[in-house]
2 protein chains.
Amino acid sequence: MGSTIKDIARDTNLSLATISKYLNGKKILPENQKLIEESIERLGYIPNKQAQMLRSHRTNTICILLPVISDYFWGSICSYVEEYMQRHNYSTIISTYDPSSQDQSEVYRHLVSAQVEGVIIVSLDLQRSNLFTLLKSNNIPYIYLDQVMTEPAGDSVTSDNCYSAYCTTKYLLERGHRRVGVIGGDIDSYTTSERIRGFRSACREFSIPEQDQIVMCGDFTAETSGKLFKKLMSQQNPPTAVFLLGYFMTVSAIQQLDNLSIRIPEDLSLISFDDDEIFSAFDPPISVVVQDLAQMGTEASRLLLKRIQGDYSDFPRTKIIKTHFIERSSVRDLSK
Amino acid sequence: MGSTIKDIARDTNLSLATISKYLNGKKILPENQKLIEESIERLGYIPNKQAQMLRSHRTNTICILLPVISDYFWGSICSYVEEYMQRHNYSTIISTYDPSSQDQSEVYRHLVSAQVEGVIIVSLDLQRSNLFTLLKSNNIPYIYLDQVMTEPAGDSVTSDNCYSAYCTTKYLLERGHRRVGVIGGDIDSYTTSERIRGFRSACREFSIPEQDQIVMCGDFTAETSGKLFKKLMSQQNPPTAVFLLGYFMTVSAIQQLDNLSIRIPEDLSLISFDDDEIFSAFDPPISVVVQDLAQMGTEASRLLLKRIQGDYSDFPRTKIIKTHFIERSSVRDLSK
DNA sequence: CTGAAAGCGCTTACAG
DNA sequence: CTGAAAGCGCTTACAG
């Protein structure tokens, strides 16, 4: 079918070695270069990556590992990663994993078999699985995206969870709110616990008593979050503001507003961690903390390639990506 | 680093050929099988795919080609495709392309170089590019997802665009609407034109005059769609209902409701093609046509593997995936 | 700078 | 069923 390096060699009367050198950007005589280029053009030659990989022991391939329960966000992360990798002459494969399983040796086998040089792990939580031990045993670098590696210390890229939650909470408190609710995902997850840490830190600064910091956590599903929100708002003394720690928490809360006859911001002020185009279209538009997915993807890619190149000078690194706050109209100023 | 088939051969005192046979599921003596299995376990042997690919001329790899401007939807399609492929012992790579470019030869080179056996093309529109000619010249099967191949006839997987638009429109007309607006994406795209076709067909059935079928198309951006919606509603005689032909059209329309002082459904009835968790949380909840992304991903995968296996018995095939309608409360019944 | 030769880790006819 | 040998399409020392 396709032509090979042999065909080019025959066509140009040069040796395989010379063609190979040309392909790998090494110095050859200009006249030979011209000959080769013409021949490649004429025969439509495209190098076979499998052969290059096998021989050179470099696959130039990385993998993005996605949980099968895919969030909307991760899709766009994939594009950002692939774009970066393509620019750096790397291929990207994707693979999915079942986050509920401890045993990820199947995934590991797949990664090794494909000889990936590194992996970006988009994780709900994989800390307790055996994946990291396996990857380490084979010296395959990995970057944890979104969550942060702690136990086996590792590289991570994540948002400025704590600080942005701190600022957001401060924003609420500065507007006179003195009893604030929080709905979060899995309390054991890094992102959730960091966001809560930021929340509590701001509360402390404003001397908000513990009982007025109403934190409710469950998991990352809309179902659980909805129940928590309902519970939160059915209290004797419901909060005047609520901080929703993630996209699904926000959606599930909004879904119940009507049902619970809660008006925003008259009855309740509301801020969401994670934005969606649509939140700006709400009545009222919802103020949000926005994660910079493009930068998360790019930084994870950059860090991974650095590790692949053997540069562990700053290992383990937790790269914190700044978020930004979009003020819209879902918070009422009680201080006026 | 890792052990090779040679190590297993040495360890078991068997030949390379026998190990290879075992790996490829061919008959070998039970006693040898046991020896090999023990050895593989002991040495932690994992086959090198590159070598297998190179030698066997089968890469068991497909590619999902994504436009760089990635829609939320395509992310989840990736998971569905990868899951299916994994079950069928295929690897999935992703690659992005610039949909505004006619020349996709770089993408083509990448696909050939990686020796992908087939590609699923998630396309805004690529019909006018040179990609298909190139893929054909190399006998690489491809499935067009979302849009439909016509000019060079090819396999496609798409939603039931025309029929579901027909049903949706009928739903509006049966509720007494006699002047209906439509905001769509690129009029030249298959999906948009099919949805409009369905719309017009229902209108004809109800003898709606041409001037009361107000179709406005632009592109797939929220910006353009927003302008069109504004224009639509600023007419002397605005429609009583609008059918928004895609996620971004719906979002941009909703964003302007407040601004234009339009209440749903009192002033305007509204239906969206494409759902989002959040649409159900709106006040009022928005009725939607939902595309079955899981099935689209799975069917595209199935069809692609069929072609890869050389089965072209039903070529070219356009696989139509059913949508479903979720009735919520964004449409007013004028007939009562 | 160029070329002959070896070899990456496998699979595949081909004998036995 | 098993094994020796050739070869997939490249790259890499090593001489020249």
Side-chain angles (χ1 to χ4, degrees), chain A residues 1-37 39-40 43-61 89 91 109-117 138, chain B residues 1-37 39-40 43-61 89 91 109-117 138:
Chain A
M1 198 74 271
S3 48
T4 73
I5 200 174
K6 255 186 196 161
D7 298 317
I8 305 296
R10 200 178 305 125
D11 193 44
T12 56
N13 277 320
L14 292 166
S15 72
L16 292 181
T18 306
I19 316 294
S20 175
K21 259 156 222 150
Y22 165 78
L23 291 174
N24 292 289
K26 289 173 189 155
K27 277 255 136 36
I28 62 170
L29 291 178
E31 54 204 272
N32 287 337
Q33 173 162 346
K34 195 166 167 243
L35 270 173
I36 294 173
E37 280 167 355
S39 178
I40 285 179
L43 304 184
Y45 168 70
I46 297 174
N48 178 322
K49 244 182 205 162
Q50 262 79 49
Q52 294 181 316
M53 290 169 173
L54 179 59
R55 188 48 240 254
S56 67
H57 292 281
R58 304 216 52 218
T59 59
N60 279 43
T61 300
N89 201 27
S91 295
R109 292 174 55 79
H110 183 241
L111 296 175
V112 172
S113 189
Q115 312 278 114
V116 304
E117 295 182 8
N138 217 317
Chain B
M1 195 77 270
S3 49
T4 72
I5 201 173
K6 256 185 192 162
D7 298 318
I8 306 296
R10 201 177 307 126
D11 192 46
T12 56
N13 279 319
L14 292 167
S15 72
L16 294 180
T18 305
I19 316 296
S20 175
K21 259 155 223 152
Y22 165 77
L23 292 174
N24 292 288
K26 287 174 192 156
K27 276 257 134 40
I28 63 170
L29 290 179
E31 53 204 272
N32 288 337
Q33 171 162 348
K34 192 162 170 247
L35 272 172
I36 294 173
E37 279 165 355
S39 179
I40 285 179
L43 304 183
Y45 169 70
I46 298 174
N48 179 322
K49 245 182 204 162
Q50 263 79 49
Q52 293 181 317
M53 289 169 173
L54 179 59
R55 190 48 240 258
S56 67
H57 292 280
R58 304 217 52 216
T59 60
N60 279 44
T61 300
N89 201 27
S91 293
R109 291 174 56 79
H110 183 240
L111 296 175
V112 173
S113 190
Q115 313 278 115
V116 304
E117 294 183 9
N138 217 316

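We name chains A, B, ... by the order of the sequence lines, and we start the count at 1 in each one.
Side-chain atoms of A/Ile5 lie closest to D/dC10 of the nucleotides D/dC1, C/dG9, D/dC10. Proximity note for A/Gln52 (side chain, C-beta onward) versus D/dC8, C/dT12, D/dT11: the nearest is D/dT11. Side-chain proximity of B/Ser15 to the nucleotides D/dG3, C/dG9, D/dC10 is greatest for D/dG3. Checked against C/dG3, C/dT12, D/dG9, the side chain of B/Leu54 finds its nearest nucleotide in D/dG9. Side-chain proximity of A/Ala17 to the nucleotides D/dT11, C/dT11, D/dA13 is greatest for D/dA13.
The structure places CG of B/Leu14 at 12.0 Å from OH of B/Tyr22, a figure rounded to the nearest 0.5 Å. For the atom pair CG (B/Leu35) and OG1 (B/Thr18), the distance works out to 11.0 Å, reported to the nearest 0.5 Å.
Atom CD1 in B/Ile46 sits about 11 Å away from atom P in C/dC10, given to the nearest Å. Rounded to a whole Å, the NZ atom of A/Lys26 is 9 Å from the P atom of D/dT11. Computed from coordinates, the A/Asn48 CG to C/dG9 C1' distance equals 14 Å when rounded to whole Å. Atom CD1 of A/Ile19 is separated from atom P of C/dG3 by 8 Å (rounded to the nearest Å). Whole-Å rounding puts the A/Asn24 CG to D/dA13 P distance at 12 Å. Here the P atom of nucleotide D/dC10 and the NE2 atom of A/His57 are 16 Å apart, to the nearest Å. At whole-Å resolution of the value, NZ in B/Lys6 and C1' in D/dA4 are 14 Å apart. Remark: P of C/dG9 and CZ of B/Arg10 are 11 Å apart, rounded to the nearest angstrom.
One N or O donor and one acceptor, one from the side chain of A/Lys21 and one from the base of C/dG3, sit under 3.5 Å apart. Residue-to-nucleotide contacts include no donor-acceptor pair under 3.5 Å from the side chain of B/Arg55 to the base of C/dG9.
A donor-acceptor distance shorter than 3.5 angstrom exists from the side chain of A/Thr59 to the backbone of A/Gln115, with no hydrogens or angles considered.
Across all strands shown, C/dA4 forms no Watson-Crick or G-U wobble pair with both key distances under 3.5 Å. Of the nucleotides present, none pairs with C/dA13 by Watson-Crick or G-U wobble criteria with both distances under 3.5 Å.
For the side-chain contact (heavy atoms from CB on, under 4.5 Å) with B/Met53, the qualifying choice from B/Asn48, B/Thr61, B/Asn60 is B/Thr61, the only one to do so.
Mapping B/Ser20 and A/Leu14 onto DNA chain C by nearest heavy atom places A/Leu14 at the nucleotide closer to the 5' end. Mapping B/Glu31 and B/Ala51 onto DNA chain D by nearest heavy atom places B/Glu31 closer to the 5' end of the strand.
Side chains of A/Ile19 and A/Tyr45 form no contact here, defined as non-hydrogen atoms less than 4.5 Å apart.
For A/Tyr22 and D/dC10, the shortest distance from a side-chain N or O to OP1 or OP2 is not below 4.0 Å.
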